[in-house]
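Report on one structure; see the data block that follows.
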Amino acid sequence: MVQDILLSYTMVSINKFKIMSNENKSIHEFDFNLICEYFSSIERQGPGSPEITRKALSFIDHLTDKSHIADIGCGTGGQTMVLGQNINGSITGIDLFPIFIDLFNSNASKLNLQNRVKGIVGSMDKLPFRNEELDLIWSEGAIYNIGFERGLNEWRKFIKKGGYIAVTEISWFTEERPAEIDEFWQDAYPEISTISKKVAQMQKAGYIPVAAFTLPEDCWIKHFYAPQVKAQEIFLKKYAGNKTAEEFIANQQHEAQLYNKYKEYYGYVFYIGRKI
Ligand code: SAH
């Protein structure tokens, strides 16, 4: 049972964490600790890069030192620190896992951003904000945990009129694709869809689509998969003989192989919208 859930969880987790708070209870705590330990040993928990975070930020107008930004599913804060260094407002990072939030806050302190960039433990399906409190909602590689459409709809009320949302989401680049990758993703994340459909969903949810651009391969290969090679070596040495750990790593490797084989058919897309 635990193994089943863990497997399906890692399958979904190309970017990485398919864990809703209400599903947590069924997974043994050890498995969580294991997975968290693995992902906290790398700088990013999903594909992305500082350049791409800055590019997405270039589409957002009117941010000042009074602005309030939320980074949802922030992980250890790879992208949040880039935001903090490029804008002057205050940023609240939210993630389900205390271990990530601890690392997030120590990363903020190391960069002397702790007065404006703060991480808190919380769930994206129960955000602790007031209506129209936020100038910008950011979320890289995390909205799929509640689903793209649901996230866009439910988070909208927290954004001020004229404020922005910027999220990355796995998307198909082509109308058709080989069965192997199609089945993998239909199983892992049935909401995966083409870029034009995602843009239409954004518009339907009450945002003006401002930009949609694909993340280049280096966001996956250089910034996400490459750092995992060393992390996997260390992890497998530490947990030698542990079936759960070995299976978990085998899944990560399978995902990376699939990406390399089929990267022309899918990837992450940054979707940026302005609330109307
Ligand atoms: N934004 C980071 C992390 C992406 S991985 C990056 O790009 O590096 C997805 C993150 O979503 C993980 O840190 C995971 O812990 C978090 N997460 C999963 N379910 C969540 C939920 N219900 N509420 C808040 N965070 C969640």
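Since we're looking at a predicted model, the values are computed, not measured. Remember, it's 1-based here, ligands and their atoms both numbered in the order they're listed.
Residue contacts with ligand 1 for Cys74 involve N, CA, C or O but no side-chain atom from C-beta outward (heavy atoms, distance under 4.0 Å). Neither the backbone nor the side chain of Phe39 has any atom closer than 4.0 Å to an atom of ligand 1 (non-hydrogen atoms only).
Using cut-offs of 30° and 60° on the angle between ring planes, the pair Phe32 and Phe97 is tilted. Note: Tyr266 and Trp172 have perpendicular aromatic rings, judged against thresholds of 30 and 60 degrees for the angle between ring planes. Taking the six-membered ring for Trp and thresholds of 30 and 60 degrees, Tyr38 and Phe248 have ring planes more than 60 degrees apart, a perpendicular arrangement.
Between Gly141 and ligand 1, not a single N/O pair is under 3.5 Å apart. Residue Ser123 has at least one N or O atom closer than 3.5 Å to an N or O atom of ligand 1. No N or O atom of Asp125 sits closer than 3.5 Å to an N or O atom of ligand 1.
The 12-atom threshold is exceeded at NZ of Lys263, counting heavy atoms of other residues, nucleotides or ligands nearer than 6.0 Å. More than 12 heavy atoms of other shown residues, nucleotides or ligands fall within 6.0 angstrom of atom CD in Glu154.
By the 4.0 Å heavy-atom criterion, Ser139 is excluded from the residues contacting ligand 1.
For ligand 1 and Met124, the ligand atoms under 4.0 Å from any heavy atom of the residue are 20 (C), 21 (C), 22 (N), 23 (N), 24 (C), 25 (N), 26 (C). Listed by number with element, the atoms of ligand 1 under 4.0 Å from a non-hydrogen atom of Gly122 are 23 (N), 24 (C). Shown in contact with Phe97 at under 4.0 Å from a heavy atom are these atoms of ligand 1, numbered in order with element: 15 (O).
Using a 4.0 Å cut-off between charged side-chain N and carboxylate O, Glu140 and Arg44 make a salt bridge.
Nearest-heavy-atom check against atom 3 (C) of ligand 1 across Pro47, Gly73, Ser40, Ala142 picks out Gly73.
Partner of Tyr271 under the side chain to side chain contact (heavy atoms under 4.5 Å, CB included) criterion, chosen from Ile143, Leu152, Ile195, Thr168: Ile195.
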